[in-house]
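Data block below; observations after.
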Amino acid sequence: MAYRIPVLVILPVIVAVLLYQLDTFDPAPYPDHELTPKQPLFVPKRNSHMLHGSEKIGVGQLLGPEDIAYDPIAGVIYTGCADGWISRVTVNESAAESKVERWVNTGGRPLGLVRGHHGEVIVADAVKGLINVSRDGTVKLLTDEAEGLKFKLTDGVDINLDGVLYFTDASYKYSLNEFFSDLFEGRPYGRFMSYDPSTKQTKVLLRDLYFPNGVTVSPDRNSVIFCETVMRRCKKYYIEGEKKGHVDTFIENLPGVPDNIRYDGEGKYWIALPMSHTFGLCHKGMLSSVR
Ligand SMILES: *[C@@H]1O[C@H](CO)[C@@H](O)[C@H](O)[C@H]1NC(C)=O
Ligand SMILES: *[C@@H]1O[C@H](CO)[C@@H](O)[C@H](O)[C@H]1NC(C)=O
């Protein structure tokens, strides 16, 4: 009966850890009225164009690459990896000749990337906050708190022509590896914010959001779209015009939970749906294009 001893030792430890973790766990019902009862939008399970003519780059060299920022002049793609590295992929006509190199390690988890106007890469880092990686690889923190609340899961970022950065902190309560606690607790700990490098000011534009994630400035520069992962929708926040400061629904009832969103410059937004709406993991990342 020797096997019982480790169980007796380990069990109280597990219980203690669970109790400690649940100590601040404060579940709430989701606002059902905000979720449309309709069938989720139809997206074919298999898109016949999916991966058509595509080639794989950097197989085995990139750990959980998330988001990409492209420098068309240098032919370089930046992507953030799960081991903290921002990797640089020099694109060649031949996928096999494309070179992957580790560029800068943030010491955190780079989730959102966008190229700045001075050759830098701006990173929404889940652990560190919003950071600036200059052309020569120097890492500088831009902001990691607003209204006295520290960010805990900085997630998506985009830049406007005037240099203002729009970004999300998915939760000020739970970190990235506590994602499921955030999900199960069902309270809106996320914020959508702006950072102006000329004044160094961080502004909270919207609060009480359910896991705000990817961010993209609209092509007409009148609004910023961001995904609200847990609510399976994307919202549109106006930064110009008569609706300035207002927020609308951009798309709702997605057939999965949205992660990043990017405009492709040719009339389409691409939204990555890593999980189906029942929170089952898709075998492959699924992309959906809207409008
Ligand atoms: C692609 O890779 C080949 C072989 O390394 C190299 O000779 C060529 O210059 C590369 N082309 C570009 C556009 O980088
Ligand atoms: C990032 O750092 C570089 C180098 O110091 C600077 O030129 C650039 O303006 C910075 N970008 C932002 C958004 O602060």
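We count ligands from 1, going down the list as the structure has it; atoms in each ligand are counted the same way.
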Given the rule that I, L, V, M, F, W and Y join up when any side-chain heavy atoms are under 4.5 Å apart, are V121 and V139 in one cluster?
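Yes; tracing contacts between hydrophobic side chains, which count when under 4.5 Å, links both residues.
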Identity and distance of the protein heavy atom lying nearest [atom]:
{"atom": "atom 4 (C) of ligand 2", "result": "S134 CB, 3.6 Å"}
{"atom": "atom 3 (C) of ligand 2", "result": "N132 ND2, 3.7 Å"}
{"atom": "atom 9 (O) of ligand 2", "result": "H118 ND1, 3.3 Å"}
{"atom": "atom 5 (O) of ligand 1", "result": "E97 OE1, 3.3 Å"}
{"atom": "atom 1 (C) of ligand 1", "result": "N92 ND2, 1.5 Å"}

Residue E93 vicinity, atoms of ligand 1 by number, heavy atom under 4.0 Å
11 (N), 12 (C), 13 (C)
Looking only at heavy atoms, which two atoms of [X] and [Y] are closest? And how far apart?
{"X": "V100", "Y": "L62", "answer": "CG1-CD2, 3.7 Å"}
{"X": "P258", "Y": "I271", "answer": "CB-CG2, 3.6 Å"}
{"X": "V204", "Y": "M193", "answer": "CA-CG, 3.7 Å"}

Within the supplied structure, the quantity of interest is the number of heavy atoms (other residues, nucleotides, ligands) at a distance under 6.0 Å from I68 CD1; does it exceed 12?
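Open.
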Around H246, counting heavy atoms of other residues, nucleotides and ligands shown, do more than 12 lie under 6.0 Å from its NE2?
no
Taking only heavy atoms of [X], which atoms of ligand 2 are found under 4.0 Å from at least one of them?
{"X": "K140", "result": "5 (O)"}
{"X": "L142", "result": "14 (O)"}
{"X": "I122", "result": "13 (C)"}

Would atom 7 (O) of ligand 1 count as contacted, meaning some protein heavy atom under 4.0 Å?
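Given the 4.0 Å cut-off, atom 7 (O) of ligand 1 does not count as touching protein heavy atoms.
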Enumerate the side-chain hydrogen bond (donor to acceptor under 3.5 Å, both in side chains) contacts for residues 71-82, please, sequence neighbours excluded, ordered by first and then second residue.
D71-R115
Check this for me - ligand 2, E120, N or O atoms closer than 3.5 angstrom, yes or no?
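For ligand 2, there is an N or O atom that lies under 3.5 Å from one belonging to E120.
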Ion pair present between K152 and D169, side-chain N to carboxylate O less than 4.0 angstrom?
no
Ligand 2 contacted by R135 (non-hydrogen, < 4.0 Å):
no
